[in-house]
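In what follows, a single structure is set out as structure tokens and then discussed.
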Protein chains: 2
Amino acid sequence: MKRPTLEVVAARAGVSKSSVSRVINGETTVAPQIRDVVMRAVHELGYVPNGAARNLVTRRTDTLAVVVSDPPQGVVSDDPLFSAVVRAVSRELETAGKRLVLMLAESDQSRTRVEQHIAGGHVDGVLLVALHGADPLPAALARQGLPVVSFNRTSAPNVPYVALDNAGGAALAVRHLLERGRRRIATITGPLELYEARERLDGYRDTLRDTGRRSIVALGDFTRASGAAAMRQLLEDDPDLDAVFAANDLMAIGALRTLHQAGRRVPEDVAVVGFDDIEAASYTTPALTSVRSPMADQATAAVHLLLGLIDGGPTSPVIMPNELVVRESS
Amino acid sequence: MKRPTLEVVAARAGVSKSSVSRVINGETTVAPQIRDVVMRAVHELGYVPNGAARNLVTRRTDTLAVVVSDPPQGVVSDDPLFSAVVRAVSRELETAGKRLVLMLAESDQSRTRVEQHIAGGHVDGVLLVALHGADPLPAALARQGLPVVSFNRTSAPNVPYVALDNAGGAALAVRHLLERGRRRIATITGPLELYEARERLDGYRDTLRDTGRRSIVALGDFTRASGAAAMRQLLEDDPDLDAVFAANDLMAIGALRTLHQAGRRVPEDVAVVGFDDIEAASYTTPALTSVRSPMADQATAAVHLLLGLIDGGPTSPVIMPNELVVRESS
DNA sequence: TCGCCTCCGGGGAGCGTTTTCTCGCGGCCC
DNA sequence: GGGCCGCGAGAAAACGCTCCCCGGAGGCGA
């Protein structure tokens, strides 16, 4: 089951390797007649260029890595948005004629493997997803001199990113609750090592502070379970609260469950607003009000930024806008 | 920013390229003293072997492709289990020292690209996920002479697979509903081009037939929206039904929503059982009874099967068992 | 008609590895 | 003590492709 090589095709077509190569790569300086005979030979033999050999000389791989830096619990990769991001990235690369290799970096060991892989020249660029603020990976990768784009704000200086307006989104949510006449508005945060979580918390705090109200904060980690637990905590600490802003939808779903178990009506007793507007948000009871994260758009933007970077383009960060989707829970 | 090559390492260590290569590849026929001096040079220079060059001569890439054959709507890749599968596969390959390239085949065009990529020698094997029964891809890939494992049963003859006991799982669900005293048990199916969907329907039908009861079937496509729509249909067609078996949890969630809107109590009026036991199943109101699909285990098994295949192992299909997780909805 | 310029095709040198083959040296057995 | 065997290291040939460089042919202008 040996695949034919350039040389075999050349022999069959009765031309030189060079000509075949030119035809394959779509160069225009080749006579139509030669082009045709080469194409025929290619089809007859089912020739497909060997990737390794091509990479070796061109130093391009047409492959981009998506590196997901994530603790073993899988905070990020468990997120429903993960699929959406992967899909959007995949499609975008598809149209650009690039390939996608996905690497999860869960441990130091796998982080090293990622770096080795990058250093091994297997990819032309890296899209980093959802890292902790202090993650050493972005800086390490950027040091390799390879184009890197982060899917979040990051502490590494020279790494361009595409981020949500997290603080703005949180402000949207809180102002909405205030307009609904809510007085005691609590929040459930994400893991504060993540920029997104911190920014959403900041947006919540700043908005409340502007109106002279007090913050009521419980810590979560972006999982349903943590949302449920944080909600229990909040009810215990502050039984009079009348609204909750959860820093993502999964935690909001957990909170809804706790509220239901505690006999609180939503939204009559307690209003709930989430963040991300994942599909499940429309299917909770009651349906969840949420700040929409345009994840697919963000992914597309990130890919474009990265592709631009590879072609030597500019590196300006991009901030995505967001909007509030009001449903029954608030 | 040029990376050092084998040759400069050899020069630095004062040995031949061959020796460096041997050290890098962990061959034992090299004197400890040489080994040390090479290792030192490697570390000092931060040498990492060039992948393309290595692939070119070894004809191995240490890379496996996960090909997701999926219509553009993203039936599969939208599924929460998709993340779980990707995570499990990624981890398993990590420990095996392999890399993962993810390819979504949504259109004929991208299908061709996938085939080209495979033919280009970029990967050592392929793991096919969630294809339609009539998908031409498995057969096409198998024809390339490359190890292929399917994540579902497939129509291609020579492609080994790892599958769930879908019919058995459906039977579990239906028998459970019968034991609860339900008489009119409906089902919402997945898209019947998928083997899984057909098998789950068969399991439902056969179990009911054994007890002499009538089947009540509505078609869905594994999405929440289709579950909600199918449930509306069912209520209209057969207002007296007292139980529903949905062929996956997403559709069950959609059905719950419709039942809630229609004022039916779950489980008092209508019992609901889903399939897959995704995490969201624990967080619905009421919590959803579901047939657990051991997706992570299935993914692990599939990877093992594929790795075994690459090393020339046997190709026996694997069937995963499943179990019923009873919660509040039934 | 001749010469020069242009354009197109071929030859061949690399790209960075692995791997085979060869060679030298030392030890062991007779 | 000599010959043979085996082990470890180096030289060099691939692997399949791209791309530079050169040569030949054809066209056009003088």
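Quick note on labels: first sequence line is chain A, next is B, and so on, each numbered from 1. Since we're looking at a predicted model, the values are computed, not measured.
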Any T5(B) side-chain nitrogen or oxygen under 4.0 Å from OP1 or OP2 of dG16(C): no
Minimum heavy-atom distance between Q298(B) and A163(B), given as atom pair plus value: NE2-CA, 3.8 Å
Side-chain donor-acceptor contact under 3.5 Å, T29(A) with R22(A): no
Flag side-chain contact, heavy atom, 4.5 Å: R3(B) against N50(B): no
Between dC17(D) (P) and E27(A) (CD): distance, integer Å: 15 Å
From dG10(D), dT18(C), dT18(D), nucleotide with atom closest to S21(B) side chain: dT18(C)
Five-pair end axes of the helix from dT1(C)-dA30(D) to dC30(C)-dG1(D) and the angle they enclose, rounded to 10°: 50°
Atom pair distance, as rounded to whole Å: CD in E7(B) and P in dA12(D): 12 Å
Nearest-angstrom distance from the residue atom CG of N25(A) to P of dC8(C): 17 Å
Whole-Å gap separating P (dG16(C)) and NE2 (H122(A)): 14 Å
Student check: side-chain heavy atoms of T315(B) and L309(B) closer than 4.5 Å: yes
Comparing I24(A) and S19(B) on DNA chain D - which has the more 5′ nearest nucleotide: S19(B)
Separation of atom CG in L6(B) from atom P in dA12(D), rounded to whole Å: 17 Å
Nearest heavy-atom neighbours spanning Y47(A) and P49(A): OH-CA, 3.3 Å
Atom-pair distance (CZ on R3(A); C1' on dC15(D)), nearest Å: 16 Å
V129(A) versus F151(A), closest heavy-atom pair with distance: CA-CB, 3.7 Å
Closest listed nucleotide, where the reference is the side chain of K17(A) and the choices are dG8(D), dG10(C), dC17(D): dC17(D)
Nucleic acid contacts - residues 32-58 of chain B versus DNA chain D, non-hydrogen atoms under 4.0 Å: I34(B), L56(B), V57(B)
Name of the residue among L306(B), L307(B), L305(B) meeting side-chain contact (heavy atoms from CB on, under 4.5 Å) with V303(B): L307(B)
From dA9(D), dG16(C), dC17(D), nucleotide with atom closest to R22(B) side chain: dA9(D)
dG9(C) base / T29(A) side chain donor-acceptor hit below 3.5 Å: no
Exercise: identify the closest heavy-atom pair between A88(A) and T300(A): CB-OG1, 4.4 Å
Residues that V23(A) engages under side-chain contact (heavy atoms from CB on, under 4.5 Å), provided they are two or more places apart: V30(A), R35(A), V38(A), M39(A)
Value in whole Å for how far the P atom of dC15(C) lies from CZ of R60(A): 17 Å
